[in-house]
Amino acid sequence: MTIQRWSFRRALMVAAAVALPASALGAEQLPTPAAPPAKFSVQDALDLSTYQIADLSEDGAWLVATSSVRRDSYLTDYHRDSDPTYLRPRPSMIWIIDTKSGTTKALFPDKRDAIAPRWSPDGSKLALLVRKGDAYEPTIWERATGRFTTVRAPAGKYVAENSDVRWTADGKSIVFALHTLDWKKKAQAQFEQQTAGPIFVQSSKDPFLAWDDMRRASNIRSVVAYDLLSAAVRQLLPEMMVASYEIAEDGTVVTYNEDVTKKTDYDVIFGSESKAMVVPAAGGAARVVFPTLKGIRLVWATDGQHYAYGKDGRIFVASVSDTTSRMLAGPAKDAKAKPDSTADTTKVARDAKEREKFTPISFSPKGDVLLASNKDGFWIVDAASGAKEMFLATPDTSLHGPTRNVIAWGADGRALYLSHASRTEWKRGILRYDRDSKALAELALDTRSYSGFRLSKNGKVAAVAIGDVYRPADLYVGDADLKTLRRVVHTNPQLDGKALGHAGLTSYLDADGHSKYAVIYYPPDYDQSKRYPTVFNVYEEFFNDAFDPVFNILNASGYVVVQPSVDFDIGYPGEAWVKGVTAAANKLIEAGVADSARLGVFGTSYGGYATNLLITQTSRFKAAINISGKVDVISFYTDSPRLGVRNIHAAEKSQDRLGATLWQQPQKYVQQSAIMFADRITTPLLLLTGAQDQNVPADNTREMFYALRRLGKEVVWVNYMNGGHGAGNASVADYIDYLGRLTGWFDSHLKGDAKKAVAATEQ
């Protein structure tokens with residue numbers, strides 16, 4: 001058996017030795033052997049910089065990016081989760097990059113809590129929100145002079161916590177959202193009452209779950225425009241439930257969705273109902289475009305005047321000045337007639353009907369064509385005639401076809417850029433479809449990852465982040481063909497001298513005979529003649545090949561790390577991991593990589609849930625770690641201290657895939673709760689939780705600790721009292737402790753390291 005391998009290790013920079021006469025060295029002077037390169041450490045993990053492409057000017061000349069260091073991310077007060085007035089600290093550097101020369105400079109001399117940087121249409125100014133105290137302030141930076149202008153909010157108001165900042169198309173104004181100080185006072189009082197009391201009452205007669213109502217409160221805001229010349233603030237939208245808004249390209253109208261949700265929706269996570277509205281930007285009465293967007297997919301053209309919407313598989317087009325819409329694509333409307341007993345109801349006929357249904361995705365920049373999709377693939381639809389052609393087949397019945405998504409239009413709408421990710425090999429990249437030649441070209445397609453793609457409005461410059469499995473992404477700029485890509489930011493040069501490993505992809509058959517794939521992360525000094533302690537990181541059905549500092553820590557400690565993929569059947573999630581993960585383990589053992597006596601498994605959140613279920617069904621793993629994963633679906637259903645719809649929806653309809661309510665099929669909730677089968681567990685288990693976790697409450701995971709302790713089995717529970725979901729994330733000290741316990745647990749049970757065993761349980 002063979003496993004495909006690709007090396008991602010950077011070549012080490014080694015200075016060439018200079019030849020000298022023997023007499024010059026001296027009798028006792030010998031060449032000093034080069035020290036082996038250092039391995040990835042906890043401090044390396046803390047010092048990792050992550051860069052994000054924030055905006056690219058319309059002419060492509062200027063790029064703005066943000067960077068943050070991992071150690072600075074441990075500042076969140078998880079006690080205030082769900083408080084709509086809380087601003088999570090996000091210190092970062094803001095970088096201004098000349099895309100032609102590659103010159104990079106910092107906007108501020110130090111890290112600032114600043115968000116949403118946006119270039120003005122002419123690229124001469126940058127607007128962003130900069131934190132001052134407990135609120136953001138709109139700030140404008142002039143590129144030529146370096147001058148900063150701070151915009152003050154009107155009296156009694158402040159910039160909303162969920163605001164961004166935007167430019168009007170003429171570059172004369174910036175637009176942002178406001179909350180009132182009175183709103184803030186009421187929201188803080190509501191949060192305080194719901195978390196500290198002294199009395200908190202909830203009733204089934206209330207239209208919303210209390211925490212659902214708290215979340216929605218952030219939409220109560222107004223929208224204003226600040227004129228740069230006059231420094232005047234004018235109101236675009238009065239205070240209301242503004243779910244989202246856009247300003248027309250010509251600045252004449254504002255379109256917005258007003259939240260009109262009447263009660264908590266248990267069918268959709270964060271489910272809401274909105275009505276689509278339009279109002280003159282200069283003031284006047286608002287007009288209803290759609291009284292409800294339930295069952296409607298609404299897409300606006302760039303001009304903010306024309307729109308398309310999908311309903312019941314049909315696509316219609318209209319404009320804000322129209323009183324009627326025009327059908328563009330989809331099945332003919334059924335006549336209201338009695339059912340025809342001779343109608344074809346075969347699967348072939350049903351599939352054919354489904355293929356007639358279309359969903360709108362986006363307009364071209366000129367608004368002349370619409371991108372749409374159906375079961376067969378992506379289509380170009382002429383907005384005037386309705387003529388359509390499929391340019392990319394993406395049948396949803398294909399289990400192994402690549403995943404492709406449209407990420408940008410070319411400047412004139414003649415080209416479409418798409419991301420590409422194979423599901424059977426290590427191949428990622430960016431494609432471009434040319435509407436004139438009807439050809440799909442591979443602009444960049446290799447083993448690296450491509451993210452954050454931006455194309456300038458004039459279509460001449462592209463920016464993208466490119467990384468690989470053992471390196472965080474660097475920033476690149478180039479032409480629209482991606483043929484002249486140049487690295488403008490080397491994000492983590494400190495890793496150049498580190499001994500980093502390599503990774504590979506392998507295929508295997510699961511217990512049902514289905515082809516699956518796994519990513520294998522090898523230690524930097526991997527020796528093919530040896531078998532290694534191997535740990536499996538589990539989460540969902542897919543394999544992932546992203547950079548992960550925890551995997552690097554484990555590799556540096558001598559572990560092979562594997563991310564396997566699995567298949568799910570609705571109602572039986574627990575079977576997925578025992579069928580898929582054990583099959584992946586068999587493949588690694590047969591290939592001579594894994595030591596069958598030294599297998600471990602771990603996962604976070606849903607992966608922690610998977611880990612706990614897996615070890616109730618097999619004893620093959622000698623150590624397991626559940627990080628913030630539930631163990632009891634029944635109590636998880638309703639036990640979050642700040643319960644929203646997510647817990648219930650996850651169990652019934654989405655991630656947990658049980659396919660029914662607790663009362664419709666209670667046996668499935670029992671079958672898929674690891675706590676019910678704790679007596680079958682023989683694998684030593686480490687539980688890591690955050691006491692302030694409102695996603696998967698620590699109390700849920702705690703149930704497994706008390707069950708296994710009562711059963712006389714080996715278990716350790718570590719609860720980070722200030723931590724949130726993912727555990728060990730409230731401080732640098734917590735993170736160091738977390739990594740120490742994780743590696744220590746595997747060392748103690750897979751390597752027999754007694755010292756690490758003590759460290760893993762008594763830190």
Side-chain angles (χ1 to χ4, degrees), residues 55-56 58 118 121 164 166-171 173 175 223 225 236-237 242-258 274-282 286-293 295-311 313-330 358-374 378-389 391 405-418 433 435 453-459:
D55 198 24
L56 181 64
E58 292 188 4
R118 295 292 182 270
D164 58 9
R166 312 177 193 184
W167 289 90
T168 53
D170 58 12
S173 303
V175 178
V223 178
L236 298 178
L237 297 177
V242 182
S244 62
Y245 66 92
E246 294 292 340
I247 304 166
E249 197 168 44
D250 64 4
T252 59
V253 298
V254 179
T255 57
Y256 63 98
N257 291 344
E258 182 181 353
S274 296
K275 63 179 179 181
M277 307 288 292
V278 59
V279 63
R287 182 169 68 82
V288 177
V289 180
F290 288 99
T292 177
L293 290 175
I296 291 176
R297 160 83 174 174
L298 178 62
V299 174
W300 287 95
T302 305
D303 65 7
Q305 302 278 357
H306 296 81
Y307 60 89
Y309 66 95
K311 184 177 183 181
R314 302 177 182 89
I315 296 177
F316 301 84
V317 291
S319 73
V320 295
S321 59
D322 292 331
T323 56
T324 59
S325 58
R326 176 170 52 88
M327 183 170 157
L328 199 65
F358 288 83
T359 300
I361 299 176
S362 66
F363 275 100
S364 64
K366 294 181 179 179
D368 57 334
V369 297
L370 183 70
L371 175 65
S373 66
N374 74 343
F378 290 116
W379 297 72
I380 294 290
V381 185
D382 187 280
S385 67
K388 58 183 181 293
E389 64 172 327
F391 71 91
N405 293 296
V406 175
I407 55 177
W409 284 90
D412 59 2
R414 306 307 302 173
L416 279 164
Y417 290 78
L418 304 98
Y433 175 75
R435 289 173 53 203
F453 179 80
R454 296 291 182 102
L455 184 68
S456 61
K457 190 173 181 178
N458 66 5

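For the numbers below, each heavy atom of this structure counts, side chains included, while hydrogens, waters and symmetry mates do not.
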| side-chain contact (heavy atoms from CB on, under 4.5 Å) assessment of I247 paired with L236 | CA-CA 10 Å; I247 304 166; L236 298 178; 4.3 Å; yes

Are [X] and [Y] packed together at the side-chain level, in the sense that at least one heavy-atom pair is separated by less than 4.5 angstrom?
X: V254; Y: V175; answer: no
X: V317; Y: H306; answer: no
X: L416; Y: F378; answer: no
X: E258; Y: V242; answer: no
X: F358; Y: L370; answer: no
X: V279; Y: Y245; answer: no
X: Q305; Y: T252; answer: yes
X: W379; Y: L371; answer: no

Between [X] and [Y], what is the shortest heavy-atom contact and its length?
X: I315; Y: A372; result: CD1-CB, 3.7 Å
X: G410; Y: L455; result: CA-CD2, 3.9 Å
X: V253; Y: G304; result: CG2-O, 4.1 Å
X: V381; Y: G386; result: CG1-O, 3.9 Å
X: Y256; Y: V278; result: CE2-N, 4.4 Å
X: A383; Y: L328; result: O-CD1, 3.7 Å

Interatomic spacing from [atom1] in [X] to [atom2] in [Y] - rounded to 0.5 Å:
X: K366; Y: D303; atom1: NZ; atom2: CG; answer: 13.5 Å
X: I296; Y: S274; atom1: CD1; atom2: OG; answer: 11.5 Å
X: D55; Y: S456; atom1: CG; atom2: OG; answer: 11.0 Å
X: S325; Y: K311; atom1: OG; atom2: NZ; answer: 10.0 Å
X: D382; Y: D368; atom1: CG; atom2: CG; answer: 7.0 Å
X: D170; Y: D250; atom1: CG; atom2: CG; answer: 10.5 Å

| field | Check against side-chain contact (heavy atoms from CB on, under 4.5 Å), F363 and T302 | value | CA-CA 7 Å; F363 275 100; T302 305; 5.6 Å; no

Examine distances only and state if a side-chain atom of [X] and a backbone atom of [Y] form a donor-acceptor pair shorter than 3.5 Å.
X: W300; Y: A248; result: no
X: R435; Y: G413; result: yes
X: T168; Y: S173; result: yes
X: R297; Y: P360; result: yes
X: W167; Y: R118; result: yes

| query | Given Y307 and T255, is the side-chain hydrogen bond (donor to acceptor under 3.5 Å, both in side chains) satisfied, shown in steps? | reply | CA-CA 11 Å; Y307 60 89; T255 57; over 6 Å; no

| task | Name the orientation class of the two ring planes belonging to F290 and Y309 (parallel below 30°, tilted from 30 to 60°, perpendicular beyond 60°). | result | perpendicular

| message | Could you walk me through whether M277 and V288 satisfy the side-chain contact (heavy atoms from CB on, under 4.5 Å) test, starting with their C-alpha distance in whole Å, then the side-chain angles of each, then the deciding distance to 0.1 Å, before giving a yes or no? | response | CA-CA 5 Å; M277 307 288 292; V288 177; 3.5 Å; yes

